[in-house]
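Below: one structure, written as structure tokens.
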Amino acid sequence: MIKFFLMVNKQGQTRLSKYYEHVEINKRTLLETEVIKSCLSRSSEKCSFIEYKDFKLIYRQYAALFIVVGVNDTENEMAIYEFIHNFVEVLDEYFSRVAFWWYVTVKGENRHCREDKHQDLTCSPIGRLPAPAGTCGSCEVTAWCVTSEREPARRCRDGRLRI
Amino acid sequence: MPAVSKGDGMRGLAVFISDIRNCKSKEAEIKRINKELANIRSKFKGDKALDGYSKKKYVCKLLFIFLLGHDIDFGHMEAVNLLSSNKYTEKQIGYLFISVLVNSNSELIRLINNAIKNDLASRNPTFMCLALHCIANVGSREMGEAFAADIPRILVAGDSMDSVKQSAALCLLRLYKASPDLVPMGEWTARVVHLLNDQHMGVVTAAVSLITCLCKKNPDDFKTCISLAVSRLSRIVSSASTDLQDYTYYFVPAPWLSVKLLRLLQCYPPPEDAAVKGRLVECLETVLNKAQEPPKSKKVQHSNAKNAILFETISLIIHYDSEPNLLVRACNQLGQFLQHRETNLRYLALESMCTLASSEFSHEAVKTHIDTVINALKTERDVSVRQRAADLLYAMCDRSNAKQIVSEMLRYLETADYAIREEIVLKVAILAEKYAVDYSWYVDTILNLIRIAGDYVSEEVWYRVLQIVTNRDDVQGYAAKTVFEALQAPACHENMVKVGGYILGEFGNLIAGDPRSSPPVQFSLLHSKFHLCSVATRALLLSTYIKFINLFPETKATIQGVLRAGSQLRNADVELQQRAVEYLTLSSVASTDVLATVLEEMPPFPERESSILAKLKRKKGPGAGSALDDGRRDPSSNDINGGVEPTPSTVSTPSPSADLLGLRAAPPPAAPPAPSGAGNLLVDVFSDGPAAQPGLGPSAEEAFLSELEPPAPESPMALLADPAPAADPGPEDIGPPIPEADELLNKFVCKNNGVLFENQLLQIGVKSEFRQNLGRMYLFYGNKTSVQFQNFSPTVVHPGDLQTQLAVQTKRVAAQVDGGAQVQQVLNIECLRDFLTPPLLSVRFRYGGAPQSLTLKLPVTINKFFQPTEMAAQDFFQRWKQLSLPQQEAQKIFKANHPMDAEVTKAKLLGFGSALLDNVDPNPENFVGAGIIQTKALQVGCLLRLEPNAQAQMYRLTLRTSKEPVSRHLCELLAQQF
């Protein structure tokens, strides 16, 4: 079972976090800091799974962005690992050149963003999408993130995400 | 679903966002935002009613501002208004705002719920989905209460669209996880299972997630899902790589759905239906076969998805643990991954193999990979992979490869990461103990552990080696020699000094014959370490010294000199000072005989669960249990290495020697020999103290640890160091039981509560309860006088070899009992094996200056551990016949001492502990009973028959048990009752 989903930049700032179990806000900050630290300190030859307290972290790196998923120990690591990639692909198809855009967003433009608002899907890259299309899409992606149990859908032929 | 066109305006929003992005400073940004907020506020407050488009635009801006990190305190109402719009985009923005920003503001929640309700009832699939997503996103209890009943209906309704069903399933799952009590089970559950057959893969995926979660609570309600899941899985696995279109991921059909289905099947045992099982096995084989086929794509995504299914398949195979063929194939597959160039695969293969190792079918197959795993431990660059390799080595270890694995782990320990050193140390210690064939190897291994990683050797580890050495005389000499050699290293770890100190103190005499390790050499070697050690170790060493005085009288002068030195006698540390003072006095006051008794070798420790194992379990959490418990596979190991067998007793160690000096009782330093002979039990360091309750598990272990924490309780001579109040005098100290003791005891054979003893001074009440082989007894001592009792000390004594049969643990009672007051003492009793004589209770106190003493028989008789057994007449006679050997039967014909009343007899027999069986004996006047005597070591089945003869006022009592003494003893006990 997925416990939380984090997107973190190389500077260690949380860009998106979503919890599927209740965690107190102040504990989240602590948890995120530690999680990020353990991911950032790893070189590429190390495996993508980290045991952390009573759960496992599974992470992937895309340019300057880390996606970290915390799961309990019954979860299939490989399935989650590939799920992250599928997630990125979906975002990429939906928003096009997501990776680049993330890079820009994360590197350049979030300088004023207040840290304490990361507790939800709020300060997400999706939320910062400038175009209306993005805002519309966010609802669908939000729902998709929230439920987490969904089989990551591929794009339909009509070019929209299947929800 | 309405298309979202990019041309759908909101230019104002785009302009605002680009303004923000162009801001050069935080101040400028705030300024721009404040301007916008003022603008929006005036629009919302304005007279002109806003159209849907404007509302949407402003709500979007507010949302954006919120996402930038600014608080928003208005606009909620407008967002709620958007919910009732008929335009998809407006409704959607409304829901987005609400999902992100609304907390349980009661007034708004009512409006929101109303809007959601309307949308759920709207039959417009898009609106229904939006509403369901909102419920899932917010997921609050209020929303759950409002909608939990509606969602199952939508989920199983025949006319719901696929997308709605899917959203409903996920929404329900979310609500169920948040508050399970809100989701009503009912008729819909059966229909949910059938969603596994749905045409739409999205619906199936969502349904599997939901069912997997629900079936954990009510497995039987969802049992039908097994066959549906199997057939679904079979269709996916056998489909061509393009059949599933949207759900094919890099040529792998529905990988995540497959994983979920396999996971669902792991909630149940293997299918009972042979056809279903056959089909499933076929699926599993197909997956294993596919892993061997050349990949359909070179992309890493393809192989990742395929491997995800493969690993889940292997988990299922391990879960079933019934198909040797599949288990071995799985093991071979994992073996290939062990050498894969992808670190992730190596990691996962090691992890899965660890569980495979505990299956009897694949244990051997796993063992063939030992070299690869050892190599991984040495060369793997990632610590988490090395950790997995160490886990796997631990799991695959058995008698055949223990030496190799232990030596490899020891070698690894020298370079191991600090983070996992302690765990490796524990594992090595456990393996060495569990698979030790000769104990010299064990001692070598542990000493090596201390040498290599002394800092990580926890107390449990070195306590354990002492326990084992003390309990096995065949290894003591070797141990003494080895520690002596180890101590000669110029720098040795403090733990080594502790072990060395203890072992030489106990068994140094075994190597004293060799001039190289003569007593003075031993002493000076130990003493050369003394000044570098911590207080606890020094305290231990002082105890070693006093033991030396006993072992080697020739060292007496030297050691007394050391003790007398100012640095000891006036040591700032009170523990050290006290030990020095007491030991010095002891050595000069006591005669050789007394010394020899007081400082005798420690008695063997009671066998108990290895505290190391408990510690490792604690470290690893409950999940690690399976791999650790595999010792049960090899029951013979327990005989040789008794420590593995959990032993729930902390038996008070019998005291072969009384504390003739009572040093503790009297104020140091000038302790005159206490004439009272109030003995102190030689409580052993590991199981001392009343706090150590019988029982397993961390709590007991922790109690045991905390017990050890006070400074320097490691003293081998707990009699001096341990303030244990459990003052058990040796058997020779107490007087014979009072004449009435037997009679008093008989009163309690058939009852558990009552007054055990009473005279003018004292009343002793008993309240006890017994379950299986354990019992707890409360003794109430009432002072009937108006004068305080002093030095009040009730103790329990085991005459003869009772101590091996019955463990009685007492708790401290206050030494003073005020006039008219009552004190309570709790006794924890464990029956280890059958016993004949009851323990003695000796009560001593001073009343008005005059010592009083009293010895009673504690009302603990073997029948207290009776467990009644109901059985039919047929069974009874069959067993009766089985126990037909003459020595198994005991019979007594005796005259009735009491009026012969059937009801009273019945009550007595029930009180005695056996079950009364009706309709067994053809004569209804007769009584027939059956029961099992529960002891720790064995169970004794017991059948009895009592035939009253009213005319002759006689009884005939017949007992048959599987043990001769038990038959006779029970017969005697019971005969006295009638």
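Numbered from 1 within each chain, the chains take letters A, B, ... in sequence-line order. For the numbers below, each heavy atom of this structure counts, side chains included, while hydrogens, waters and symmetry mates do not. Predicted model only: the values in this text are computed from it and were never measured.
- Counting all heavy atoms, side chain and backbone alike, A:C47 lies closest to B:V385 at SG-CG2, 4.2 Å.
- With rounding to the nearest 0.5 Å, the separation of CG in A:N76 from CG in B:L348 is 8.0 Å.
- In this structure, chain B has heavy atoms under 4.5 Å from both the backbone and the side chain of A:F49.
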Assess whether side chain to side chain donor-acceptor pair (under 3.5 Å) is satisfied between B:Y249 and A:E82, documenting all intermediate values. CA-CA 10 Å; B:Y249 182 83; A:E82 207 46 35; 2.7 Å; yes

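- Atom-to-atom distance recorded for A:E77:CD and B:N344:CG is 9.5 Å, nearest 0.5 angstrom.
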Between A:E75 and B:R263, is the salt bridge (charged side-chain N to carboxylate O under 4.0 Å, His left out) condition met? List the steps.
CA-CA 9 Å; A:E75 193 54 76; B:R263 174 87 41 76; 3.5 Å; yes

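- Using a 4.5 Å cut-off on side-chain heavy atoms (C-beta onward), A:M78 and B:V259 make no contact.
- With rounding to the nearest 0.5 Å, the separation of CD in A:E45 from OG1 in B:T343 is 7.0 Å.
- The distance from atom CE of A:M1 to atom NZ of B:K177, rounded to the nearest 0.5 Å, is 4.5 Å.
- Using a 4.5 Å cut-off between heavy atoms, B:E351 touches chain A through its side chain atoms alone.
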